[in-house]
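Inspection log for the structure reproduced underneath, given as structure tokens.
Order of appearance sets the numbers: ligands from 1, and atoms from 1 within every ligand.
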Amino acid sequence: MNVTDSITYIGVNDHELDLFEGQYDVPNGMAYNSYVIRDEKVAVMDTVDANFGSEWLGNLAAALDGAAPDYLIVQHMEPDHSANITRFMSAFPNAQMIATAKAFDMLANFYGETYEDRRIIVKDGDELSLGGRTLRFVAAPMVHWPEVMFTYDEADKVLFSADAFGKFGALDVEEDWACEARRYYFGIVGKFGKQVQGVLAKAAALDIQTICPLHGPVLTENLDYYLGLYKTWAAYEVETEGVAIAYCSVYGHTKEAVELLAHELEQAGCPKVAVSDLARDDMAEAMEDAFRYGTLVLVSTTYNADMFPFMKSFIDHLIDHAYQNRRVAFMENGSWAPTAAKAMRAKMEACKGIEFIEPVVTIKSALSDESRAAVRELATALV
Ligand code: FEO
């Protein structure tokens with residue numbers, strides 16, 4: 001696939017992967033993207049996952065059409081992109097590797113190589129001429145690791161954006177971009193909003209017509225849409241008006257209260273209610289909804305004088321990913337000493353900019369007239 005007359009896509013699709021980065025469900029697989037830029041000099045942008053070295057080298061050979069690459073530009077050292085560096089460097093002994101100093105440190109740690117006489121260390125703002133075009137390197141630390149850089153091709157106005165603007169899903173499957181890009185962003189990069197804002201500010205000075213990420217499709221149209229979503233996500237702003245409800249239920253009574261709350265919210269005109277069962281649904285999907293909507297209701301049965309374990313894990317995920325600037329409410333269930341709400345609130349105090357909404361709804365074993373009224377009161381307070 002040609003991205004432009006000079007840039008060819010040489011990435012691969014992975015449909016064998018069970019969990020991306022050891023934790024994320026990828027029902028539609030994963031793409032590891034790589035590109036070749038052909039000019040007077042030839043540059044290859046990143047490699048691919050370890051399991052796809054032969055397929056990738058085949059794609060590379062087809063794109064090179066007999067030419068030899070001069071440079072391997074490594075924007076990110078995570079193994080889903082770096083695993084074939086040594087194979088490439090052996091296959092093309094005259095090629096040089098270009099990366100940040102931190103990336104070369106990681107190269108030694110991961111692969112025991114330094115390529116002292118075949119390396120070019122670059123930093124923010126450095127340029128590389130390929131003859132007819134110049135590439136400019138843009139440091140992008142913590143998007144998603146500290147060694148990351150983007151690369152801007154001035155001639156074709158292409159931004160190679162490393163993990164940014166990527167998504168879960170292989171490229172031979174049609175699916176909505178935003179859903180899987182949002183789940184990917186908040187799971188993988190979400191903690192580093194400040195750093196993403198920093199690199200977006202640098203990117204704003206560039207004339208970008210195409211974005212080439214390391215995962216997901218090449219973005220060629222309507223770039224303001226993608227850039228706008230990234231600005232919203234990086235700033236932890238509300239993307240969609242609505243309420244996310246994340247719950248744990250043991251015998252179904254707490255779930256019944258959640259269903260009543262969802263119904264009451266919809267009746268009251270709430271534009272969107274997204275419900276996640278934390279024991280059964282994908283945790284990354286529940287996280288995505290927590291960040292997407294302006295209000296989050298945490299609902300848990302009491303367990304060992306605390307909250308249910310899946311809720312504890314969910315709140316830890318929120319804290320770890322810098323969840324902030326949202327409205328949060330609580331519902332709890334407890335047959336003899338309900339304490340889940342107090343425990344959930346104590347944990348959520350670690351998040352910045354949270355407005356806690358009253359009332360806290362307490363259910364004693366099963367819904368009663370009194371607790372139904374409290375659920376309705378909470379729905380009114382939230383809308
Ligand atoms: Fe796609 Fe952070 O690696």
Item to check | Among the N, O or S atoms of D80, the one nearest atom 1 (Fe) of ligand 1 | outcome: OD2
Checklist entry - Centroid-to-centroid, Y35 to F160, below 6.0 Å? => result yes
Kindly confirm whether atom 1 (Fe) of ligand 1 is within less than 2.8 Å of some N/O/S atom in [X]?
| X | result |
| --- | --- |
| H215 | yes |
| H81 | yes |
| D163 | yes |

Next on the checklist: Tell me whether atom 2 (Fe) of ligand 1 has E78 as a neighbour, meaning an N, O or S atom of it below 2.8 Å.
Outcome noted: yes
Checklist entry - atom 2 (Fe) of ligand 1 is nearest to which N, O or S atom of H144? => result ND1
Next on the checklist: Among the N/O/S atoms of H76, which is closest to atom 2 (Fe) of ligand 1? Give the atom name.
Outcome noted: NE2
Checklist entry - If you draw the axis of the six-membered ring of F291, does the NZ or CZ of R182 fall within 45° of it and under 6.0 Å from the ring centre? => result no
Item to check | Distance under 6.0 Å and angle within 45° of ring axis: R119 vs F104 | outcome: yes
Next on the checklist: Quick one: does any side-chain atom of Y251 pair with a main-chain N or O of S365 as donor and acceptor, under 3.5 Å?
Outcome noted: no
Item to check | Check: S300 side chain, F308 main-chain N or O, donor-acceptor pair, under 3.5 Å | outcome: yes
Checklist entry - Run the ring pair (Phe, Tyr, Trp, His ring centres under 6.0 Å) check on H317 and Y323 step by step: do they pass? => result CA-CA 9 Å; H317 274 72; Y323 184 77; over 10 Å; no
